[in-house]
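Sequence lines set the chain letters: A, B, ... in the order given, protein chains first and strands last, and positions in each chain run from 1. All values below come from the heavy atoms of this structure, side chains included, with hydrogens, waters and symmetry mates left out.
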Amino acid sequence: MQLSEQEIVRRENLQKIKDLGFNPFPAEEFKLDFRSDEITTEQYQSALARSLELIRGVGPEQSVKLMHALFKSRGKTAPLLADEAFLEEVPISETVEFADEAGHNPVSLEDFFAEARESALGEYSKDKKGAVQIAGRFMGQRGPFAKLQDSYGTIQLYIGKNDLGDTEEEKERYKQLVKLLDIGDFIGVRGEVFATGTGEISVHVRELVFLGKSLRPLPIVKRDKEGNVYDAFTDPEQRYRQRYVDLTVNPQVREIFLKRSRLISAMRRFFDNKGWLEVETPILQPIHGGAAARPFRTHHNTLDMPLYLRIANELYLKRLIVGGFEGVYEIGKMFRNEGMDRTHNPEFTSMEIYIAYKDYHWMMEMVEQCLEYVATEVTGNTKVEYEGKVIDYAGPYKRLTMFEAIEEYTGIDISNMDEAALRDVCKQLHIEVDPTMGKGKLIDEIFSEKVEDHLIQPTYIIDYPIEMTPLAKKHRSVDGLVERFELFVNGKEIANAYSELNDPIDQRERFEDQLRLAERGDEEAMALDEDFLRALEYGMPPTSGLGIGIDRLTMLLANQHSIQEVLFFPQMRPKAELHEYPKNKEEVSE
RNA sequence: GAGCCCGUAGCUCAGCCGGCUAGAGCACUUGACUUUUAAUCAAGGGGUCCUGGGUUCGAGUCCCAGCGGGCUCACCA
């Protein structure tokens, strides 16, 4: 491996750290009692104010004035209150006078403040001994001031020349160690919290433990007060391939994944609170049923048979409803061997839920409640900005039948048309069709071409043609339709749900229709699953089922425009130089 | 799968119509300074210009092929 100059320097530093007698990769736990985001100006200020109260019996308002007086007397702007106008109203003389009045033991303002600070530290730190203990990456140093970045943010450290070590030799050792710190190294520190002359909350380091050496230089991203970013690490390829670097230097990326995590846990909490059961079903399936998509194929050696990575888990979850569970849901990966782009990754996360004795009307209300809850938990609001539009997840959502929607946006009523008439409509609307398309597919084409883009606010499209939906129950009142809805947000499908088909004879016929479509050349037509039919024959209660694309919902709630941004590790073509790949493809897959 | 665009230092990017030893800022090294808040000063090191071929006296630059990526479209969720 060819090392760059900077990598060589870091390896030399590693050796020097060892030579100084420090372990660059120690095994011991480093106990944390604070996070960087817990050490805030506000907390420090209130600890100070409380201490002033305790020591001198002054009120909180006066103590704040005293703090400002102190800073003013040093010729600096008081950092601990945002309201600078307030400051102007408090002349130093007055507050000093006040201090004299309030100070039961007259002392200088400096001493007064120092006393309060000491007391505040005792109150501030968790062990009441005046220190906090934190750890993270060392992110650069200017003079005695260094930045420490942990999982929650960044905190400034003050590393004084002679603060580390007790004896002269120790002091020298630590001085050398501090010089050898590279950006990205992990260190743990212990010291007291204070505000610097310019007002930045900082930790005065009294103990330092080296925790882990960084041998590769991180990209240096700099931000100024106005939020301008310099030398940003932005190349999508590098960011996705080295997500660990992306997460280290781009805090806004971390935020996306925090939202993703909050989304999933909120949704899980919502379902669990209803008493529905989270389950896991096979990812390796002998028959890839439940959706229209091309699967990944693999092979089991012992069974000597092909297996498919699931394109859907629907048929398994319904078997569990047959088995007697009232509500089951699964959050998991699906795999589809199809195109990749900014809204498609070969593996994606789907939430599927099935509830017995319900229908799709009930499900629409449940989804409204669920999304309202999730959006609020993730973003703090039901109104969420996406691509400059404000999308409101508070229900109820607009409901349009498929035919109504098409009529609304094309002016054509297709509700009574046969296949030939639909073909004419497609021609009229300049929509390309081919002979393999059945009636359902033709309607779907018209819909996705002419309607989808208009559905910005959450909108239910309900009652789909039977041909495109082999697993849904026939409509209770309209011939040729099924009880199905899809939820569209910002022109994209987010959720899909049915009153589930529980008539095994009807289900068999629908599968057979699919087989005929397959013979016509429809590659995505569904396979017939005998075991699933057997399960239905034992009897399944009326059930409503729902699927939600978690990645797409995350995109909407985190205001991201590509699925790659909401996946830690989006699929990418491997780079040849980094890995050796097995030469014989057959050996791997078989 | 198709079209358009991109690939230059660890990072961000200049590099014209082909022309001297390929540049800048940050990062790095050395020295000075114990100091602030993207950026202290001075000096220095660092390049398979994605890969391979071609045109040419001469290619980072032009042409061809490949690899990787981005955007748009098609299919899918």
Side-chain angles (χ1 to χ4, degrees), chain A residues 2-10 12-13 79 139-147 154 156-163 175 178-179 182-184 196-202 214-242 245-246 249-250 291-295 311-312 334-352 432 434 441 444-445 448-449 486-488 492-496 522-524 547-553 555 561-564 570 572-578:
Chain A
Q2 195 64 44
L3 295 178
S4 74
E5 183 197 10
Q6 294 190 41
E7 287 168 335
I8 291 167
V9 168
R10 281 169 181 244
E12 287 167 0
N13 289 348
M139 293 301 273
Q141 186 168 15
R142 267 189 62 64
F145 295 103
K147 293 282 183 209
T154 303
Q156 177 165 273
L157 305 178
Y158 179 89
I159 306 175
K161 225 177 187 175
N162 288 302
D163 289 343
K175 230 183 271 181
V178 169
K179 271 192 192 163
D182 285 314
I183 289 173
T196 63
T198 54
E200 181 162 343
I201 205 83
S202 308
S214 165
L215 291 179
R216 280 180 191 261
L218 287 165
I220 307 297
V221 181
K222 299 191 172 178
R223 293 173 179 80
D224 64 17
K225 279 182 264 230
E226 283 79 43
N228 298 316
V229 179
Y230 302 83
D231 299 324
F233 180 66
T234 53
D235 178 23
E237 175 174 4
Q238 287 196 73
R239 288 182 45 236
Y240 303 153
R241 287 190 192 279
Q242 301 187 48
V245 175
D246 192 28
V249 303
N250 290 327
R294 295 213 302 274
I311 56 173
M334 304 298 153
F335 306 85
R336 298 193 181 174
N337 203 343
E338 288 168 345
M340 290 163 58
D341 60 24
R342 104 179 179 282
T343 53
H344 296 86
N345 196 61
E347 55 185 293
F348 63 100
T349 301
S350 161
M351 193 295 303
E352 298 271 332
E432 279 186 39
D434 65 65
K441 200 108 189 175
D444 193 36
E445 285 295 313
S448 35
E449 197 70 25
E486 288 190 329
L487 175 62
F488 285 84
K492 295 272 170 4
E493 182 201 333
I494 292 302
N496 182 18
D522 186 343
E523 281 183 42
E524 292 164 353
I548 292 182
I550 294 295
D551 309 288
R552 290 190 174 176
L553 188 56
M555 287 165 66
H561 314 301
S562 82
I563 197 170
Q564 285 78 19
M572 300 194 87
R573 208 173 246 107
K575 282 268 199 190
E577 65 262 32
L578 260 182

Practice problem: Quick one: label M334(A) by what it contacts on the DNA or RNA (base, sugar-phosphate, nothing), any heavy atom closer than 4.0 Å. | Solution: nothing
Quiz item: About how many Å separate CG of D182(A) and CG of N13(A), when rounded to the nearest 0.5 Å?
Solution: 4.5 Å
Exercise. Scan E445(A) against the nucleic acid and name what it touches under 4.0 Å (heavy atoms): base, sugar-phosphate only, or nothing.
Key: sugar-phosphate
Quiz prompt | Which residues share a side chain to side chain contact (heavy atoms under 4.5 Å, CB included) with I550(A), sequence neighbours left out | solution = R260(A), L263(A), I264(A), M267(A), T349(A), M351(A), T554(A)
Quiz prompt | Among U29(B), U35(B), A77(B), the nucleotide that comes nearest once only the side chain of D182(A) is considered | solution = U29(B)
Practice problem: Report which part of the nucleic acid R241(A) touches: base, sugar-phosphate, or nothing (heavy-atom distance under 4.0 Å, all strands). | Solution: sugar-phosphate
Quiz item: Rounded to whole angstroms, how far apart are NE2 on H561(A) and P on G70(B)?
Solution: 16 Å
Exercise. Report the distance from atom CG of L157(A) to atom P of U37(B), rounded to the nearest whole Å.
Key: 17 Å
Quiz prompt | Phosphate OP1/OP2 of C28(B): any R10(A) side-chain N/O under 4.0 Å | solution = no
Self-check item: Nearest-Å distance once atom C1' is located in both A9(B) and C4(B)
Solution: 29 Å
Quiz item: Within this structure, what is the CD-to-P distance between Q242(A) and G69(B), rounded to whole angstrom?
Solution: 14 Å
Exercise. Could you give the distance separating U48(B) and U36(B) at their C1' atoms, to the nearest angstrom?
Key: 41 Å
Quiz item: What is the distance from NZ of K179(A) to C1' of U29(B), rounded to the nearest Å?
Solution: 14 Å
Might you list the N or O atoms of the protein lying below 3.5 Å from N or O atoms in nucleotides 72-74 of chain B, with each pair's distance?
{"from": "U72(B)", "atom 1": "OP2", "to": "R342(A)", "atom 2": "NH1", "distance (Å)": "3.4"}
{"from": "A74(B)", "atom 1": "N6", "to": "D341(A)", "atom 2": "OD2", "distance (Å)": "3.4"}

Practice problem: In whole angstrom, give me the gap between the C1' atoms of G47(B) and U21(B). | Solution: 13 Å
Quiz item: Taking for each residue the nucleotide of RNA chain B with the nearest heavy atom, is it P144(A) or I183(A) whose nucleotide lies nearer the 5' end?
Solution: I183(A)
Practice problem: Sequence neighbours left out, what passes side chain to side chain donor-acceptor pair (under 3.5 Å) with D444(A)? Give chain and number order. | Solution: none
Quiz item: Between the side chains of R10(A) and S214(A), is a donor N or O closer than 3.5 angstrom to an acceptor N or O?
Solution: yes
Quiz item: Out of C28(B), A39(B), G69(B), which has the shortest distance to the side chain of E237(A)?
Solution: G69(B)
Practice problem: Verify, without hydrogens or angle tests, whether E7(A) (side chain) and S4(A) (backbone) share a donor-acceptor contact under 3.5 angstrom. | Solution: yes
Practice problem: Please give the nucleotide sitting opposite G1(B) as a Watson-Crick or G-U wobble pair, both distances under 3.5 Å, or none. | Solution: C73(B)
Practice problem: Would you kindly compare P346(A) and Q564(A) by the position of their nearest RNA chain B nucleotide and give the one closer to the 5′ end? | Solution: Q564(A)
Quiz item: For atom C1', what is the distance between C20(B) and G60(B), given to the nearest Å?
Solution: 15 Å
Self-check item: Minimum-distance nucleotide (side-chain atoms of N13(A) versus A77(B), U29(B), G69(B))
Solution: U29(B)
Exercise. Send over the distance from I311(A) CD1 to C75(B) C1', rounded to a whole Å.
Key: 15 Å
Quiz item: What nucleic acid atoms does K147(A) come within less than 4.0 Å of, heavy atoms only: base, sugar-phosphate, or nothing?
Solution: base
Quiz item: OP1 or OP2 of G68(B) less than 4.0 angstrom from a side-chain nitrogen or oxygen of R573(A), does that happen here?
Solution: yes
Atom pairs, protein N/O to nucleotides 7-15 of chain B N/O, distance under 3.5 Å:
{"from": "C11(B)", "atom 1": "OP1", "to": "Q238(A)", "atom 2": "OE1", "distance (Å)": "3.0"}

Quiz prompt | Side-chain heavy-atom pair M334(A), I311(A) within 4.5 angstrom cut-off | solution = no
Quiz item: Atom CZ of R223(A) and atom P of U36(B): how far apart are they, to the nearest Å?
Solution: 23 Å
Quiz item: For E493(A), which residues count as a side chain to side chain contact (heavy atoms under 4.5 Å, CB included) partner, sequence neighbours excluded?
Solution: E486(A), F488(A), N496(A)
Quiz item: Partner of G44(B) by Watson-Crick or G-U wobble geometry, both contacts under 3.5 Å, or none?
Solution: C28(B)
Quiz item: For Q141(A), what residues pass the side chain to side chain contact (heavy atoms under 4.5 Å, CB included) criterion, not counting sequence neighbours?
Solution: F138(A), A146(A), I159(A), V178(A)
Quiz item: Base, sugar-phosphate, or nothing for D444(A), non-hydrogen atoms under 4.0 angstrom?
Solution: nothing
Exercise. Pick the P atom in G44(B) and in U34(B), then give their distance to the nearest Å.
Key: 25 Å
Self-check item: Partners meeting side chain to side chain contact (heavy atoms under 4.5 Å, CB included) with R342(A) (sequence neighbours left out)
Solution: S562(A), Q564(A)
Quiz prompt | Base-pairing mate for G68(B) - Watson-Crick or G-U, with both contacts under 3.5 Å | solution = C6(B)
Exercise. Could you check how far CD of E7(A) sits from C1' of G45(B), rounded to whole Å?
Key: 16 Å
Quiz item: In this structure, are over 12 heavy atoms from other groups packed under 6.0 Å from R573(A) atom CZ?
Solution: no
Quiz prompt | Whole-Å C1' distance, G15(B) and A2(B) | solution = 33 Å
Self-check item: Side-chain N,O (R294(A)) to OP1/OP2 (C75(B)) below 4.0 Å
Solution: no
Quiz item: Which of the following nucleotides, G69(B), A27(B), A77(B), is nearest to the side chain of K222(A)?
Solution: A27(B)
Quiz item: For Y158(A), what residues pass the ring-ring contact (aromatic ring centres under 6.0 Å, His included) criterion, not counting sequence neighbours?
Solution: F145(A), H204(A)
Exercise. Can you tell me, in whole Å, how much space there is between the P of U51(B) and that of A22(B)?
Key: 16 Å
Quiz item: Residues in side chain to side chain donor-acceptor pair (under 3.5 Å) with R336(A), at least two apart?
Solution: none
Quiz item: Does U34(B) pair with anything, Watson-Crick or G-U wobble, both distances under 3.5 Å, and if so, with which nucleotide?
Solution: none
Exercise. In whole angstrom, give me the gap between the P atoms of G10(B) and C6(B).
Key: 23 Å
Quiz prompt | Spacing between I201(A) atom CD1 and U37(B) atom P, to the nearest angstrom | solution = 18 Å
